[in-house]
Chemist: 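Following this message is one structure expressed as structure tokens.
Predicted model, so just to flag it, every value in this text is computed and none were measured. The first residue in the sequence is number 1, and the count goes up from there.
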Amino acid sequence: DKPVFKIQILTAGSVLPKGSHKFKGLSPVNYYKENGIYKYTYCESTNYNHVLREKRSKVDSRFKDAFIIAFKNGEKMNVSTCSSPKVIIW
């Protein structure tokens with residue numbers, strides 16, 4: 001199975017309503033819960049370069065602290081250990 005990459009944009013202590021102004025217009029936004037904290041993500045793909053392009057074009061200007069995370073078989077994993085192709089910088 002390939003890892004799934006997502007962009008983590010923010011965290012909250014509770015579930016935020018769909019379409020919350022805190023998402024700054026990004027949609028769809030999903031979340032997962034880790035250690036009692038709700039972590040919100042945008043974009044999801046097995047293609048790291050696609051997620052990186054989305055982060056640069058749509059996320060970085062709205063969420064300066066956003067970063068890419070990875071999941072494999074539903075478990076969060078370290079992005080640097082993923083066996084994905086090397087990043088292509090444009």
Chemist: Name the one of Val29, Asn30, Ile7, Ile68 that satisfies side-chain contact (heavy atoms from CB on, under 4.5 Å) with Thr41?
Modeler: Asn30
Chemist: Give the ring-plane orientation class for Tyr38 versus Tyr31, where under 30° counts as parallel, over 60° as perpendicular and anything between as tilted.
Modeler: perpendicular
Chemist: For Gly25 versus Arg62, what's the shortest heavy-atom pair and its separation?
Modeler: C-NH1, 3.8 Å
Chemist: Take atom NZ of Lys39 as the centre, draw a 6.0 Å sphere, and report whether it contains more than 12 heavy atoms from other residues, nucleotides or ligands.
Modeler: yes
Chemist: Would Val59 end up clustered with Phe71 when hydrophobic side chains under 4.5 Å apart are linked, directly or stepwise?
Modeler: no
Chemist: Please confirm whether the backbone N or O of Arg53 pairs with a side-chain atom of Ser57, one donor and one acceptor, at under 3.5 Å?
Modeler: yes
Chemist: Got a second to check how far Ile9's CD1 is from Lys24's NZ, nearest 0.5 Å?
Modeler: 9.0 Å
Chemist: State whether Lys72 and Asp1 are salt-bridged, where the test is any N-O pair (Lys NZ or Arg NE/NH1/NH2 against Asp/Glu carboxylate O) under 4.0 Å.
Modeler: no
Chemist: Ring of Tyr42, cation from Lys6 - is the NZ or CZ under 6.0 Å from the centre and inside 45° of the axis?
Modeler: no
Chemist: Is it true that atom CD of Glu34 has more than 12 heavy atoms of other residues, nucleotides or ligands lying nearer than 6.0 Å?
Modeler: yes
Chemist: Set out, in order, the CA-CA distance, both residues' side-chain angles and the distance that settles side chain to side chain contact (heavy atoms under 4.5 Å, CB included) for Val51 and Lys55, then state yes or no.
Modeler: CA-CA 6 Å; Val51 174; Lys55 179 180 179 294; 5.5 Å; no
Chemist: Hydrogens and angles aside, do Ser45 and Asn47 bring a side-chain donor and acceptor to less than 3.5 Å of each other?
Modeler: no
Chemist: Got a sec: does the CG of Asn78 have more than 12 other heavy atoms crowding it under 6.0 Å?
Modeler: yes
Chemist: Walk me through whether Lys58 and Cys43 qualify under side chain to side chain contact (heavy atoms under 4.5 Å, CB included).
Modeler: CA-CA 10 Å; Lys58 297 180 182 173; Cys43 189; over 6 Å; no
Chemist: Could you check whether any side-chain heavy atom of Val79 comes within less than 4.5 Å of a side-chain heavy atom of Phe67, counting everything from C-beta outward?
Modeler: no
Chemist: Are Leu26 and Ile69 grouped together when hydrophobic residues (ILVMFWY) are joined by side-chain heavy atoms under 4.5 angstrom apart?
Modeler: no
Chemist: With a 4.5 Å heavy-atom cut-off, do Lys18 and Pro28 have their side chains touching?
Modeler: no
Chemist: If you take all heavy atoms of Asp60 and Arg56, which pair is closest and at what distance?
Modeler: OD2-CA, 3.6 Å
Chemist: Apply side chain to side chain contact (heavy atoms under 4.5 Å, CB included) to residues Phe23 and Leu10 and explain how you reach the verdict.
Modeler: CA-CA 8 Å; Phe23 301 147; Leu10 64 95; 4.2 Å; yes
Chemist: Does the side chain of Tyr40 reach to within under 4.5 Å of the side chain of Thr11, using non-hydrogen atoms?
Modeler: no
Chemist: Could Lys76 and Tyr32 be counted as a cation-pi pair, given that NZ or CZ must be under 6.0 Å from the ring centre and within 45° of the axis?
Modeler: no
